[in-house]
There are 2 protein chains.
Amino acid sequence: MVTNFDKKNFIKNFKANCKKIQVKNFIKGETVTTYIEKRNQICIVLSGEVDLIRYDFNGNKTIIGHFVENDIFGEVFYPANTNNELFVTAIKKSEILFFTYDTLFEKCEYECAFHKELINNLSELFIDEIIGLNLRIELLTKRSIREKLLSYFEILSKSSMNKVFTIPYTYTDLADYFSVDRSSLMREIKMLTDEGFIKKEGTKITLLY
Amino acid sequence: MVTNFDKKNFIKNFKANCKKIQVKNFIKGETVTTYIEKRNQICIVLSGEVDLIRYDFNGNKTIIGHFVENDIFGEVFYPANTNNELFVTAIKKSEILFFTYDTLFEKCEYECAFHKELINNLSELFIDEIIGLNLRIELLTKRSIREKLLSYFEILSKSSMNKVFTIPYTYTDLADYFSVDRSSLMREIKMLTDEGFIKKEGTKITLLY
DNA sequence: ATAAAATTGTTGCATTTGCAACAGATTTCA
DNA sequence: TGAAATCTGTTGCAAATGCAACAATTTTAT
C-alpha cells in the first residue's frame, strides 16, 4: 500500500471554507450519492463504511463495491454506457468527502491546506484504488472457488506474515467479493478443512501447509 | 473515457534529454519488463500492444492484462504480496514509456515539456485505468457466461450507438477476458444465436432484440 | 432484555461450466 | 507462396457450482 495521506491532520487543518470540497456525515442506511448524472464526482471515505449497490433490470440487488476508510469511489470511475442504477449507501455512520474532479484543480479562494494536500495525494489514492481492483481481478479470474480461497488466504497470510489470520469479511460478504454462491463457498471451505489444508474457527483461519 | 493526452504532439516535443522518463522500442515477443523488484515502475503504451503474463507455480501461463495505446501499467499497480512471476511481453512492435513513480515529481533538469505534461495528465490516465478495471469487474462478477455476454454486448452496442458492432477481440481473447473456458463461450454464443437473440458473422454481432 | 435481522452451516439436486479432443478455417511468417 | 501457427467450431462427459430450503447461531436494534 502506498502511503495514505494523514486524514486526521487534514481535517484538523480544514478550517477555511473551501468551496471546492465538501465533507458530509451520514447515518447508517442513508444514501450517500447516486451515479446517475455525469458530474464527475469523486468521494473519499474519511470514516465509516459504504456499499456501492447495483439494481439490475429485474430489481436484483448486488453489492458491487465496498469502501472503507481512505477508499476512493465515485461516478467518474464507472464506464458511462452501462445502464445500471448505481448508488452508494452508508452501512454505518460515515463521514464522506466530496469533490468534483473537473473543478478540483481550480484554485480555492482561501488557498486551504486541505484542498492543496488532496491534490498532492490524489495520485496515491488512485494507485491504491488500482491495486485493490487488480487484486480483486486476480481473485475473480481464478477458475475455481478453491483456487480463489487459496490465493486469498495466501495473500492474507503474507500480509500478516503469519499462518494464522482473520478474514476481514463475513462469509456472506466474501462470497459477494468472489462473486460466487455463498453455500458453495461454505462447502469448499469445509472440504479444505476436511482435507487438512486449513483450520477454521469462525473467520479465523490457520494454514496447515 | 476521459480525454487522453495528445501523445503524438508530446513525442514531437520530447526533444530534451529528460532523465526521468525513458522511451524504448520493442519488437514482437520481446520482454518489456518484469514485476519482480519493487521499483515503483509505471509504463505507458505509446504504440503497439503488450500482454501482462502470469506464470503460476505449475508453470501455467495466464494472460492477466492486455494493454494498448495510451494504457498504463506497471508493478506499482500490483499488490506486493502475491507470489506471482509477472512479466510483460510485446505482442507486436511497441513503443513504451517508462518512469518511476517516486521520481516523477522531481524536477527534470531540462524542464522538458513531455515530463510536465505527463504529470498534468497522470490523473486522467489513472482514471481511465480505473474505469477499465471496473468495467472488467462488472463483467467478471456476472454469474453466468450468458450474462457476461449480454452485458458486454449491451456496452458495445451503447458505445457504438448501434445494434451492430464488432467485438474488438478474438474469441480466444474474449474467453480470457471473461476468464471462462473458450469452448463454453462458443457454446453459449451458439445458443444465443439459435435462440434468436443475436446474429453472428465472425466477430460482428447484431442484437436482435 | 428480547425480538428481529443477519449470518452460518448443511444438503440434495439441477444446471452450467470446464476439459479433452479434434477437424476445418484463417492468419502469420519465412 | 507454402508451411506453421493460431483461431474457430463442435461434442461427450465429468466436475464444479448454483439454487432452494431449512435449522441453528450470532449480532443488532429497540
Side-chain angles (χ1 to χ4, degrees), chain A residues 27-30 48-49 51 53 58 60-63 66 89-93 139-151 166-195 198-205, chain B residues 27-30 48-49 51 53 56 58 60-63 66 89-93 139-150 166-195 198-205:
Chain A
I27 60 166
K28 180 174 172 174
E30 260 191 297
E49 292 179 31
D51 278 343
I53 292 167
N58 305 318
N60 292 323
K61 176 183 164 183
T62 315
I63 297 170
H66 177 78
T89 308
I91 60 168
K92 52 175 71 168
K93 188 174 171 302
L139 297 170
L140 287 172
T141 56
K142 301 279 172 176
R143 293 299 175 88
S144 65
I145 294 177
R146 173 167 293 221
E147 276 185 279
K148 286 176 170 70
L149 280 168
L150 292 177
S151 300
T166 301
I167 300 168
Y169 297 112
T170 63
Y171 286 106
T172 303
D173 286 347
L174 187 61
D176 257 350
Y177 182 67
F178 286 169
S179 194
V180 298
D181 181 72
R182 186 191 58 83
S183 66
S184 302
L185 179 75
M186 299 303 285
R187 175 169 43 207
E188 198 61 45
I189 288 171
K190 189 173 190 307
M191 290 173 106
L192 286 172
T193 307
D194 292 351
E195 294 172 30
I198 61 168
K199 201 174 81 179
K200 168 180 180 297
E201 300 145 274
T203 51
K204 185 178 150 203
I205 301 291
Chain B
I27 59 166
K28 180 174 172 172
E30 260 191 298
E49 291 179 32
D51 277 343
I53 291 167
D56 67 19
N58 304 317
N60 292 323
K61 176 184 164 182
T62 316
I63 297 170
H66 177 77
T89 308
I91 59 169
K92 52 175 71 170
K93 187 174 171 303
L139 296 171
L140 286 172
T141 54
K142 302 279 171 177
R143 293 301 174 85
S144 65
I145 294 177
R146 173 166 294 222
E147 277 184 278
K148 286 178 170 69
L149 280 168
L150 291 178
T166 301
I167 300 168
Y169 297 112
T170 63
Y171 285 107
T172 303
D173 286 346
L174 186 61
D176 256 350
Y177 182 67
F178 286 168
S179 193
V180 299
D181 181 72
R182 185 190 60 81
S183 65
S184 302
L185 179 74
M186 300 302 286
R187 176 169 41 206
E188 199 59 47
I189 288 171
K190 189 175 190 306
M191 289 174 105
L192 285 172
T193 307
D194 291 350
E195 292 172 30
I198 60 168
K199 202 175 81 179
K200 168 181 180 297
E201 300 145 273
T203 51
K204 185 179 152 202
I205 301 292

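What you see is a predicted model, and the numbers here were worked out from it, not measured in a lab. No hydrogens, no waters, no symmetry mates; every other heavy atom, side chains included, goes into these values. To find a chain, count down the sequence lines: A is the first, B the second, and so on, and within it residues start at 1.
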> Among the nucleotides D:dT17, D:dC7, C:dG18, which one has an atom lying closest to any side-chain atom of B:R187?
C:dG18
> Send over the distance from A:D181 CG to C:dT16 C1', rounded to a whole Å.
13 Å
> Establish, with yes or no, whether the OP1 or OP2 oxygen of C:dT16 is under 4.0 angstrom from a side-chain nitrogen or oxygen of B:S144.
no
> Using a 4.5 Å cut-off on heavy atoms from C-beta on, say whether the side chain of A:I91 contacts that of A:H66.
yes
> Whole-Å distance between C:dT8 P and A:Y171 OH?
8 Å
> Distance check needed: C:dT7 C1' versus A:Y177 OH, whole Å only.
21 Å
> Counting only N and O atoms by type, is there a donor-acceptor contact under 3.5 Å from the side chain of B:Y171 to the main-chain atoms of B:G202?
yes
> Rounded to the nearest Å, what distance is computed from the CG atom of residue A:D176 to the P atom of nucleotide D:dG18?
12 Å
> Are A:I145 and A:D181 close enough that some pair of their side-chain heavy atoms sits under 4.5 Å apart?
no
> Mind checking salt bridge (charged side-chain N to carboxylate O under 4.0 Å, His left out) for B:R143 and listing every partner two or more places apart, or none if nothing turns up?
none
> When the distance from CD1 of A:I145 to C1' of D:dT17 is rounded to whole Å, what number comes out?
6 Å
> Quick check on B:K204: does its NZ atom have over 12 non-hydrogen neighbours (other residues, nucleotides or ligands) under 6.0 Å away?
no
> Taking only the side-chain nitrogens and oxygens of B:T172, find out if one of them lies under 4.0 Å from OP1 or OP2 of D:dT8.
yes
> Determine: side-chain N/O of A:K200 to OP1/OP2 of C:dG9, distance under 4.0 Å, yes or no.
yes
> Do the side chain of A:D51 and the main chain of A:I53 share a donor and acceptor less than 3.5 angstrom apart?
no
> Considering non-hydrogen atoms only, spot the tightest contact between B:L139 and B:K148 and give its length.
O-CG, 3.2 Å
> Measure the spacing between CZ of A:R146 and CD1 of A:I189 and express it to the nearest 0.5 Å.
11.0 Å
> Under 4.0 Å: is that the gap between some side-chain N or O of B:S183 and OP1 or OP2 of D:dT10?
no
> Identify the heavy atoms of A:E49 and A:K92 that sit nearest to each other, and give their distance.
OE2-NZ, 3.2 Å
> Using the closest heavy atom to pick a nucleotide of DNA chain D for each, name whichever of B:S184 or B:D173 lands nearer the 5' end.
B:D173
> Polar-atom pairs under 3.5 Å, protein N or O versus N or O of nucleotides 25-30 of chain C: list them with distances, or write none.
from   : atom 1 : to    : atom 2 : distance (Å)
C:dC29 : OP1    : B:K28 : NZ     : 2.4

> Rounded to the nearest Å, what distance is computed from the CE atom of residue A:M186 to the P atom of nucleotide C:dT8?
6 Å
> Looking only at atom types and distance, does a side-chain atom of B:Y177 sit under 3.5 Å from a main-chain N or O of B:L140, one as donor and one as acceptor?
no
> Of the nucleotides C:dT8, C:dT17, D:dT17, which one has an atom closest to the side chain of A:R182?
C:dT8
> Over how many whole Å does the gap from A:E147 atom CD to D:dA16 atom P extend?
11 Å
> Give the rounded distance in Å between these two atoms: CG of B:L185 and P of C:dC19.
14 Å
> Using the C1' atoms of five pairs at each end, what's the angle between the two axes of the helix from C:dA1-D:dT30 to C:dA30-D:dT1, to 10 degrees?
80°
